[in-house]
Amino acid sequence: MGVLSFSKRLLRKPGGAAGTLFLSLLVLAALLAPYIAPYDPNVPNPASALAPPSRAHLMGTDRFGRDMFSRVIYGGRISLQVGIIAVSIGAFVGVSIGLIAGYWGGLLDNVLMRMMDVMLAFPGILLALLMIVVLGPGLVNIMIAVGIAAIPSFARLARGSTLSVKESAYVEAARSVGASSLPIIVRHILPNIAAPLIIFATLRVGTAMLSAASLSFLGLGAEPPTPEWGLMAAIGRHVLRRAWWVSIFPGLAIALTVVSLNLLGDALRDILDPRFRGLEATRQRSV
Amino acid sequence: MGLREAIARRLLWGVLVALGVSFIVFLIQHVMPGDPVHMMLVQHRIGAHPAGEVYFDEQLYQEMRTRLGLDKPFHVQYTTFLSKALRGDLGYSFRARRTVISLINDNLPHTIRLAVLSLAAAALLGITAGVIAAIFRDRWIDVGVMVAAVSGVSMPSFWLAIVFIWVFGIILRWFPFIGVGSWQHEVLPVATLGLGGAGVIARLTRSSLVEVLGEDYIRTARAKGLPNRGVVFKHALRNAMLPVVTVIGLQFGALLGGTVIVETVFGRPGIGSLAVTAIMDKDFPVTQGVVLLAAIAFVMSNLIVDIAYVWLDPRIVYD
C-alpha cells in the first residue's frame with residue numbers, strides 16, 4: 001500500500017479524518033505557540049484574576065489573571081512531548097526485550113516474560129507512582145516512570161509478533177546464508193513486526209499523556225507555574241465554585257487529544273485489519 | 001488436565017507473582033533516597049530543637065532504627081517481612097502509629113464498594129450499549145454509541161470527576177461530592193469510574209457480537225424461524241461474551257488504579273488514597289501492604305476470569 005493511497009483511506013474514515021485534523025491542529029498550535037498565544041502563559045495580571053471567558057480571554061483567566069487560552073496552547077507542547085518521549089522509552093526497551101525473548105526463546109524468554117508479567121500485575125498508575133517514589137517528583141521523572149510502565153505491553157506485543165515472523169522463509173534464508181542474529185533481528189524481523197507496533201505506539205501516546213497528566217494532577221509531576229494540563233486542572237479544582245473554566249478547559253484539551261489519538265488508532269487498525277485484531281486485547285484503559 | 005489442576009497451577013503462579021511483587025516493592029523502597037527514620041523524627045519534631053532548627057538525638061535515632069528493624073541486613077528484613085505477612089502481620093505504619101492491617105481494614109471496604117459498584121455499572125452499561133450498537137449496526141444509533149464509547153475511554157478520570165462535581169454537585173446540587181456516608185455519596189465516584197470502563201466493554205461487546213452474528217449457526221437459528229430476540233440473546237450473546245469477560249477482568253486492574261485518582265478527587269477514604277499518602281510520606285510498611293494487596297487482587301481477578309471462561313464455554317480445555 002503506497003503512502004498516498006494509505007492516507008486517502010485513512011482520511012475517508014470519519015474517525016481517522018477527525019483524529020488527524022485535531023492532532024494536526026494540536027501539533028501546529030504547539031509548534032507555533034509563541035505566535036498564536038495571545039498572552040504570555042506565565043505572566044500574572046492580578047487586575048483580571050478569575051475573569052470568565054470573554055473576547056479578550058477566550059478561556060477566561062486563572063487565579064493570577066493568566067490567560068487560560070494561552071496556557072492551554074502551551075500545555076499542548078508539554079503534553080505532546082511527555083507522551084511521545086514516554087512512549088519512546090517504553091517502546092525502545094519493551095521492543096528490545098520482546099525481540100530478544102521471542103528470537104532466542106528458552107530460559108531467557110521465560111525469565112524475561114515472567115518479569116513482564118510481574119510488572120503487568122501492578123496497575124499502571126501504581127507502578128508509575130512507585131517509580132516516582134524512587135526518582136522523585138518532576139516532569140522528566142514522570143516521562144521515565146510512564147515509559148517504564150509501558151514496557152511490558154510493548155514487550156508482549158513484540159515477542160508475539162517475533163515468534164510468528166522468525167519461522168518465516170526469509171528469516172530461514174538469511175540464517176542459512178550465515179547471517180548472524182543481530183542483523184537478522186534488525187534487518188528482517190523488526191521491519192516485519194513494525195506495523196502493529198506503530199499502531200500500538202500511537203494508541204499508547206494517548207494513554208501515556210493521560211497517565212502523566214494524572215500524576216501531575218496528584219501533585220507528582222510538573223510544578224507550578226508550568227502550564228501542564230493535569231496540573232492546571234488540579235489547581236483549578238480549588239476555585240471550581242467561582243471559576244469553572246480554570247479546570248474544565250485544560251481537562252477538555254486532554255480529553256480531545258486522547259479521543260483523537262484513539263480515533264486515529266482505530267482507523268489505522270481498521271485499514272490494516274485483520275492482522276491486528278489482537279491489539280484490542282492488549283489495549284487497556286489507563287486512568 | 002482437569003479444571004481443578006489448572007486452577008491449582010494458576011494459584012501457584014499467583015503466589016509467585018505476589019512474591020515477585022513484594023520483592024520488587026521491598027527492593028525499590030530500599031534503594032530510594034530519603035531515610036524514613038530521619039523523616040519521622042523531622043515530621044513529628046521528635047528531638048527537634050525548640051528554636052526550630054532540627055538536630056538529631058543520635059541515640060534516639062539508633063533506637064528507632066532498631067525498633068523498626070531497619071538496622072538488620074536486607075535479606076533478614078525481607079524474610080522477616082514475608083514470614084510475618086504470611087501470618088497476616090504487615091507491620092506498623094511509620095506515620096500513623098497503627099498496624100498496617102488495621103489501616104487496610106479501615107480503608108478496604110470503601111474501595112471494594114467503589115470498585116464493585118463501578119465494575120457492575122460499567123458491565124451493565126457497556127454490554128447494553130454494545131448490544132444495541134451491534135443490533136443497529138452502521139445506523140446512526142451505532143455511530144452515536146461508539147462515539148460515546150471512545151469518549152468514555154479517552155476521558156481522564158480526574159477531569160470527568162471535576163465535570164461531575166461541577167454539574168451535579170455545584171450547579172444542580174443533586175449529589176454530595178466529598179467523603180462517604182450515604183448512597184448519594186457513591187453516585188458521582190461510581191459514575192466517574194464506571195463510564196470509562198463501560199466504553200471499553202461497549203466497544204468489545206459490539207465487535208464481538210457483530211462477528212458472532214455472522215456465523216453459520218446464527219443463520220441456522222434464523223432459518224428455523226426463531227424470533228430475532230431469541231437469536232441475539234440466547235445464541236449470539238453468550239458466545240460473544242468470551243472476550244468481553246476477559247476485558248471486564250482486565251478492567252478490574254485499571255479500576256484499582258482509577259480508585260487512586262477518584263478517591264483523591266472526592267476526598268474519600270480507601271486503599272487508593274492510602275497508597276498515595278503512604279508513597280508521599282515514604283511510609284514503607286503501608287506501601288508494601290497496599291501494593292501486595294493490589295497484586296493479590298489482580299491475580300485473583302484473573303483467576304476468576306479463567307473460571308468464568310469455562311462456565312461460558314465448556315469447550316475450553318486447559319492444558
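We use all heavy atoms of the structure for the numbers below, so side chains are in, but hydrogens, waters and symmetry mates are not. Order of the sequence lines fixes the chain letters, A, B, ..., with proteins taken first and strands second; residue numbering starts at 1 for each chain.
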- Of all the residues in residues 71-83 of chain A, which have a heavy atom that comes within less than 4.5 Å of a heavy atom in chain B? none

- Report yes if the side chains of B/Val265 and A/Phe217 come closer than 4.5 Å at any heavy-atom pair, otherwise no. yes

- Distance (rounded to the nearest 0.5 Å) between A/Leu218 CG and B/Ser273 OG: 10.5 Å

- Taken to the nearest 0.5 Å, the spacing of A/Trp229 CH2 from B/Phe158 CZ works out to 10.5 Å

Residues 246-258 of chain A side chain polar contacts: donor-acceptor under 3.5 Å, at least two apart:
{"residue": "A/Ser247", "atom": "OG", "partner": "A/Ala233", "partner atom": "O", "Å": "2.9"}
{"residue": "A/Thr257", "atom": "OG1", "partner": "A/Ala253", "partner atom": "O", "Å": "2.6"}

Heavy atoms of other groups near [X] [atom1], more than 12 under 6.0 Å:
X        : atom1 : value
A/Glu223 : CD    : no
A/Arg114 : CZ    : yes
A/Met113 : CE    : yes

- Message: Is B/Val143 close to chain A through its backbone or its side chain, or both, or neither, when contacts mean heavy atoms under 4.5 Å?
- Response: neither

- Item | Proximity breakdown for B/Ile170 and chain A, heavy-atom pairs closer than 4.5 Å | side chain

Kindly give the heavy-atom pair with the smallest separation between [X] and [Y], and that separation in Å.
X        : Y        : result
B/Ile261 : A/Ser214 : CD1-CB, 3.6 Å
B/Ser154 : A/Leu210 : O-CD1, 3.8 Å
B/Thr264 : A/Arg237 : O-NH1, 4.3 Å

